[in-house]
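Input: a single structure, listed below in structure tokens.
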Amino acid sequence: MSVRILSADQMRWADMTTTEAGISGFELMDRAGRAVADAVLDYMPDFGRVVIVIGPGNNGGDGFAAARYLRSRRIPVTLVMLVPLDTLGGDTLMHAELAREAGAKLRDASSDRCFAELNRWLLRAVMVVDAMFGTGLTRPLSGRLAKAVAQINQADRPVLSIDIASGLNADSGEVMGDAVKADFTLPVAAYKWGYWMGVGPEFSGRLLPASAIGVEDETLCRAWAAVPDPSVSKGSTVLRSACFIHSDMIGQAWPKRHRLSHKGNFGRVWIFGGSAGFTGAPRLASLGALAAGAGLVSVVCPDDVYPVVASGSLETMVHSQSSGAWMREGDGLIDQADAIVAGPGWGCAQTTLLARLLDVDRPLLLDADALNMIAADAALQSRVSERDSLTVLTPHPGEAARLLSCTVDDIQSDRKKAVLKLCKRYACWVVLKGNETLIASPQGDVMLNPSGSPQLAVAGSGDVLAGMLGRQLAVCYRNDTDVGMMLGAGVGLHGEAGEQNGWYLAGELAGMVAGLRQGIERKHGD
Ligand SMILES: NC(=O)C1=CN([C@@H]2O[C@H](COP(=O)(O)OP(=O)(O)OC[C@H]3O[C@@H](n4cnc5c(N)ncnc54)[C@H](OP(=O)(O)O)[C@@H]3O)[C@@H](O)[C@H]2O)[C@@H](O)CC1
Ligand SMILES: Nc1ncnc2c1ncn2[C@@H]1O[C@H](COP(=O)(O)OP(=O)(O)O)[C@@H](O)[C@H]1O
Ligand SMILES: [K+]
């Protein structure tokens, strides 16, 4: 299954490259149509008529091809055309003819006189296939085409959209005039950003696995370099690759534990955080690190909150900042750290200590107040971008806006652009949190996390994530594991835990994470 995410132009380039390599447009359409028919057969609620609404481009061609495959399974099919047949392209016309020969009814709804045909057939459908527009939508829908979308949405039938819900911009997830509210979207060959950007998730319904139509993975990967991503601007890192986080990636991060393993094998995470009024944050981060499987977790907190943090932490070692033992030159305890997390609940009066941590040659995750201090201090900003060791920033949209001196709306209106800008500005890994968290490497490799839930919008869930990712970085440091895979798996598991029922406190979220993680580790033994 492909997990690549492409822009509309990149997809067009990949389609074209594939046809130049010898697979005809007709054949690609045919394979897409077969995948659509299979998906319809999987999800149609009952045996009955399938109505396929055909638009002016190749998306409609996929619809005609699907009709033939559905007919071969004796499904009654009506093809309702929103443009005259004789205006369609050659491959599409050939598929239209084959669909007719296979017994599909072709009905014209391309003029005001016969537009009522659309509603007449929609009312007789058990399922509707939206083959109006795919990646070729260039302007807002208007007139009859917009009316057709409204009628499909009003018909209250299950809708499967081919490639993308018609009317949704495949890159930005914006609605162009109006858009079909799909129950299912079947991506053709690869995923498009529009499913997740903007209001895309509200229109895409359930995303099915991308159909393999013969566009090679290598071609999809070359498309990023061949065609610039629309989000790339002067101030941002160039997007080099894009995929979404999937269960295989999550599985790889937690191999089976060796029978003779001990806590020293599973990474030591050091967490710097806590301040008066915010004593829970470093504790939640430490729970996150332990839940993700860290062997040893230490917390360093300001002296005034030391008794509170220490007394609430059974499983972690707690040091006060002034005790000094943890950061002696040469043999200080900090030398034992495999990764450092700084920021949860720390307050903004820790710039001196933060500057010292930036000098420690260990993977460093900067969260919460560490990010706020950096946003307000040009000297710290330079030190972040000049660091040689692995550095990860984990801002939520508010922190991201401070780091880029812009508004939250600027961040949220193009999150992909924002994450690439943060990479460029700070020359490090960035995890831009929120619905559909984005991770980007300094080289421009972007991962999108499709899991998660608004359940996660609760105080402390980000602290749990910071600790979890601290553990992931510790494993990278010890075992030289792929950083993108480890961060992606951490974010993915956090999202999956957030989707579970049975928790509402961030501490309980850590418990959910631990349960899922242990399940993955044990599964590797089966
Ligand atoms: N390429 C391939 O080999 C393969 C492609 N595949 C499939 O094809 C889809 C992409 O096909 P596509 O490029 O033809 O785009 P699609 O969205 O169907 O229609 C574009 C047409 O709509 C028109 N148009 C645009 N906006 C409009 C508006 N607001 N109102 C009215 N008209 C508007 C536009 O006209 P123009 O802008 O030129 O005036 C053009 O005529 C892709 O998503 C996948 O499903 C697969 O079969 C695999 C192989
Ligand atoms: N609506 C949402 N959908 C999915 N995930 C969300 C949503 N809201 C928040 N989250 C996730 O919850 C976490 C919240 O982190 P953050 O804002 O730093 O919270 P806190 O500072 O309280 O710990 C992040 O991982 C974020 O991606
Ligand atoms: K469509």
Side-chain angles (χ1 to χ4, degrees), residues 8 11-16 18-19 23-33 35-36 53-63 65 82-83 87-89 91-92 95 129-146 159-168 170 176-177 179-180 182 185-189 192 201 211 213-215 278 280-281 284-285 288 343-345 367-369 371 394-399 431-438 449 451-466 468-469 491 494-495 498-499 506 509:
M11 193 64 242
R12 228 183 321 281
W13 180 90
D15 283 338
M16 200 185 67
T18 306
T19 48
I23 305 183
S24 67
F26 177 88
E27 179 62 27
L28 290 175
M29 231 173 232
D30 193 71
R31 294 178 190 184
V36 172
V53 186
I54 303 282
N58 291 330
N59 197 256
D62 297 350
L82 299 174
V83 292
T87 62
L88 297 175
D91 293 336
T92 303
H95 276 294
V129 174
D130 152 31
M132 286 176 64
F133 292 97
T135 47
L137 187 71
T138 48
R139 53 192 181 278
L141 296 179
S142 59
R144 265 196 308 280
L145 293 164
V159 179
L160 183 144
S161 285
I162 303 180
D163 209 13
I164 188 150
S166 295
L168 204 57
M176 314 266 282
V180 168
T185 295
L186 179 70
V188 178
K192 319 291 157 8
S211 58
I213 60 165
V215 182
F278 300 93
L284 287 167
D367 185 43
D369 287 330
L371 299 174
T394 56
H396 60 51
E399 289 153 353
V431 177
L432 177 58
K433 295 184 294 191
N435 195 257
E436 276 95 39
T437 291
L438 290 172
N449 182 40
S451 72
S453 132
Q455 285 262 109
L456 283 167
V458 60
S461 61
D463 302 324
V464 171
L465 179 69
M468 290 176 69
L469 297 186
V491 168
H494 181 261
E499 288 173 2
L509 170 66

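Whatever order the structure lists them in is the order used to number ligands and atoms, beginning at 1. For reference, positions follow the sequence shown, starting with 1. Here the structure is a predicted model, which is why all the values come from computation and not from measurement.
Of the polar atoms of Gly134, at least one N or O is found under 3.5 Å from an N or O of ligand 1, judged by distance alone. At least one N or O atom of Thr138 sits closer than 3.5 Å to an N or O atom of ligand 1.
Here His396 contributes atom NE2 and Thr437 contributes atom OG1; the two are 12.0 Å apart, rounded to the nearest 0.5 Å. In this structure, Asn58 CG and Phe26 CZ are separated by 12.5 Å, a value rounded to the nearest 0.5 Å. Annotation: the span from Lys433 atom NZ to Asp367 atom CG amounts to 4.5 Å, rounded to 0.5 Å. To the nearest 0.5 Å, the span separating CG on Asp163 from OG1 on Thr185 amounts to 9.0 Å. Here the OG atom belonging to Ser211 is positioned 10.0 Å from the CG atom belonging to Leu28, to the nearest 0.5 angstrom. Atoms CD1 and CG, on Ile23 and Asp30 in that order, are 12.0 Å from each other to the nearest 0.5 Å.
Contact annotation for atom 38 (O) of ligand 1: protein absent (non-hydrogen atoms, distance under 4.0 Å).
Inclusion of Ile162 in the first shell of the K ion (ligand 3) is supported: an N, O or S atom falls under 3.4 Å. For a distance bound of 3.4 Å, the N, O or S atoms of Ile164 include one lying that close to the K ion (ligand 3). With 3.4 Å as the limit, Phe133 counts as an N, O or S neighbour of the K ion (ligand 3). Distances from the K ion (ligand 3) show that Thr185 has no N/O/S atom below 3.4 Å.
Atoms of ligand 1 lying under 4.0 Å from at least one heavy atom of Met29, given by number and element, are 47 (O). Listed by atom number, the atoms of ligand 1 under 4.0 Å from Leu137 heavy atoms are 17 (O), 25 (C), 26 (N), 29 (N). Against a heavy-atom cut-off of under 4.0 Å, Ile213 is close to the following atoms of ligand 1: 48 (C). For ligand 1, the atoms sitting less than 4.0 Å from at least one non-hydrogen atom of Asp163 are 42 (C), 43 (O), 44 (C), 45 (O), numbered in the order shown with element in parentheses.
Within the 4.0 Å heavy-atom cutoff, Pro56 counts among the residues contacting ligand 1. Heavy-atom separations between Pro140 and ligand 1 include at least one value shorter than 4.0 Å. The closest approach between a heavy atom of Thr19 and any atom of ligand 1 is not below 4.0 Å.
Closer than 4.0 angstrom to ligand 2 by heavy atom are His396, Lys433, Gly434, Asn435, Thr437, Ser453, Pro454, Leu456, Ala457, Val458, Ala459, Gly460, Ser461, Gly462, Asp463, Leu465, His494, sorted by chain and number.
Residue contacts with ligand 1 for Asp15 involve side-chain atoms from C-beta outward but no N, CA, C or O (heavy atoms, distance under 4.0 Å). Both the backbone and the side chain of Asn59 come within contact range of ligand 1, each with a heavy atom under 4.0 Å.
Remark: at the K ion (ligand 3), atom O from Asp130 and atom OD1 from Asn59 enclose 80°, rounded to the nearest 10 degrees.
Phe133 has its side chain within reach of Leu141: a pair of non-hydrogen atoms, C-beta onward, lies under 4.5 Å apart. Taking 4.5 Å as the limit, every side-chain heavy atom of Val53 sits out of range of all side-chain heavy atoms of Asp130. For the pair Leu465 and Thr394, the minimum side-chain heavy-atom distance is 4.5 Å or more.
Taking every heavy atom of both residues into account, Thr138 and Met176 meet most closely at C-CE, 4.0 Å. In terms of heavy-atom proximity, Gly452 sits nearest to Glu499 at N-OE2, 2.9 Å. Of all the heavy atoms in Val180 and Ser161, the pair that sits closest is CG1-OG, 3.9 Å. Minimum heavy-atom separation, Met132 to Pro56: O-CD, 3.7 Å. Contact between Thr135 and Ala170 at its shortest, heavy atoms only, is CG2-CB, 4.2 Å. Heavy-atom minimum distance, Pro344 versus Asp463: CB-OD1, 3.8 Å.
Scanning the protein for heavy atoms near atom 20 (C) of ligand 1, the closest one is Gly136 O, 3.7 Å. Looking only at protein heavy atoms, the nearest one to atom 12 (P) of ligand 1 is Asn58 N, 3.8 Å. Atom 10 (C) of ligand 1 has Thr135 OG1, 3.4 Å as its closest protein atom, hydrogens excluded (heavy atom only). When hydrogens are left out, the protein atom nearest atom 24 (N) of ligand 1 is Phe133 CE2, 3.5 Å; that is the closest non-hydrogen contact. For atom 31 (C) of ligand 1, the nearest non-hydrogen atom of the protein is Leu145 CD1, 3.4 Å. When hydrogens are left out, the protein atom nearest atom 29 (N) of ligand 1 is Arg139 O, 2.7 Å; that is the closest non-hydrogen contact. Looking only at heavy atoms of the protein, atom 44 (C) of ligand 1 is closest to Asp62 OD2, 3.3 Å. Taking atom 49 (C) of ligand 1 as the reference point, the nearest protein heavy-atom neighbour is Leu28 CB, 3.6 Å.
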Derivation and outcome, side-chain contact (heavy atoms from CB on, under 4.5 Å), residues Leu186 and Ile162 = CA-CA 5 Å; Leu186 179 70; Ile162 303 180; 5.8 Å; no
Might you work through the side-chain contact (heavy atoms from CB on, under 4.5 Å) test for His494 and Leu456, ending with a clear yes or no?
-> CA-CA 9 Å; His494 181 261; Leu456 283 167; 3.7 Å; yes
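A donor-acceptor pair under 3.5 Å is absent between the side-chain atoms of Ser461 and the main chain of Ala457, judged by distance alone.
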